[in-house]
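All values reported here derive from a predicted model rather than from experimental measurement. As the structure lists them, so they are numbered: ligands from 1, and atoms in each ligand from 1. Residue indices begin at 1 and follow the sequence shown.
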Amino acid sequence: MMILHHGWRSSASRRVRLCLEEKGLSYQGHHVDMAKLEHHSPEYLKINPNGVIPTLIHDGRPLHESGTICEYLDESFPDPPLRPEAPYERALMRNWIRHIDGLIHNLIIFNWRHHLQKTAQQWSDEELAEMLKKVPSKERQESWLRVARKPYTEEERAAARAKLVTLLLDRMEEALKPSGWLVGKAYSIADISAVPFVKRIDEEIAPDEMSAQKHPRVADWWTTIQARPAFARANFGPFLES
Ligand SMILES: N[C@@H](CCC(=O)N[C@@H](CS)C(=O)NCC(=O)O)C(=O)O
């Protein structure tokens, strides 16, 4: 029995939902409402000490970190395989996950202003101070402070957008050259790791960069990914409210 604590719009959660769907695994979803700070409740911190989503519970045991969860799922349920066989390619796959987690995730500073800013801006200074005490990492404390009191400026967003293009799309364009997949000759967790971020770039952050003129291989890859039945089942939905 598997339970996934997740958010519909959370990139890390989307990654795990996609992996579960690619493997055809059934699970019970439990929605965590970040606007209500459910991920900072004492009960949730027991299953995810970092106070972030997602968390997978499998056979009663909790696991955090979306990249680790995807690898764990592939090890536990090997069919269909989502990791390359060769150790070198497997290592490259891990480097993609690491690269995206370390450098790309933080650049998605565009996200919180859509759903969390309204709530966060209404907190009094006392409420904000109380809230910040509960956030386990300094970096996330800063994100909450920014969304509540000092939203990112257009200049900061432009700088993040430019980095997303060079650090994600340009690198993907190069990596996709040999086979059309990020690593080796097949779809893998490296591709799955990138999907939620490419989705955000395509729908809002820099859709013009996804054209066949600018990043032709990424554009083809993205068309192929979106046509996969698991992509529809993972239910990314629109990020922005219409
Ligand atoms: N490296 C973690 C990142 C998880 C993460 O940052 N999740 C975001 C949503 S995508 C979150 O819970 N943010 C809430 C917060 O920082 O307070 C993973 O891949 O699981």
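- Checked against E22 for a salt bridge (charged side-chain N to carboxylate O under 4.0 Å, His left out), the options R15, R228, R233, R83 give a single hit: R228.
- Of the protein's non-hydrogen atoms, H105 CE1, 3.8 Å is the one closest to atom 3 (C) of ligand 1.
- Nearest protein heavy-atom contact of atom 4 (C) of ligand 1 is I53 O, 3.3 Å.
- Less than 4.0 angstrom separates some heavy atom of M34 from each of these atoms of ligand 1: 11 (C), 12 (O), 13 (N), 14 (C).
- Paired with E204 under the rule salt bridge (charged side-chain N to carboxylate O under 4.0 Å, His left out), one option of R113, R9, K199, R161 passes, and it is R113.
- Residue contact check: P54 has heavy atoms under 4.0 Å from atoms 20 (O) of ligand 1.
- Of all atoms in ligand 1, numbered sequentially from 1 with element shown, those under 4.0 Å from a heavy atom of A12 are 4 (C), 10 (S), 18 (C), 19 (O), 20 (O).
- Classified by interplanar angle (parallel below 30°, tilted 30° to 60°, perpendicular above 60°), the ring pair H105/F197 is perpendicular.
- Nearest protein heavy-atom contact of atom 20 (O) of ligand 1 is S66 N, 2.9 Å.
- By the 30° and 60° cut-offs, the orientation of the rings of H31 relative to W8 is parallel.
- Heavy atoms from other residues, nucleotides or ligands lying under 6.0 Å from CD of E154 number more than 12.
- On a distance-only criterion, E65 and ligand 1 share at least one N/O pair closer than 3.5 Å.
- Ligand-side atoms of ligand 1 in range of W112: 13 (N), 14 (C), 15 (C), 16 (O), 17 (O), range being under 4.0 angstrom from any heavy atom.
- Aromatic ring pairs are classed by plane angle as parallel below 30°, tilted from 30° to 60° and perpendicular above 60°; the pair Y72 and H58 is perpendicular.
- No more than 12 heavy atoms of other residues, nucleotides or ligands shown are found within 6.0 angstrom of CZ on R98.
- In this structure a side-chain-to-backbone donor-acceptor pair under 3.5 Å is present from D74 to L82.
- Residue H39 has at least one heavy-atom neighbour below 4.0 Å for each of these atoms of ligand 1: 14 (C), 15 (C), 17 (O).
- Of the N or O atoms in S11, none lie within a sub-3.5 Å distance of an N or O in ligand 1.
- Protein heavy atom at the shortest distance from atom 16 (O) of ligand 1 is R140 NH1, 2.6 Å.
- Among all protein heavy atoms, the one lying closest to atom 10 (S) of ligand 1 is S10 OG, 3.2 Å.
- Per-residue contacts place W144 under 4.0 angstrom from the following atoms of ligand 1 (heavy atoms of the residue considered): 15 (C), 17 (O).
- Which parts of ligand 1 touch H40 is read off a 4.0 Å heavy-atom cut-off, strictly below it: atoms 17 (O).
- Between the E209 side chain and the K214 main chain, no donor and acceptor come within less than 3.5 Å of each other.
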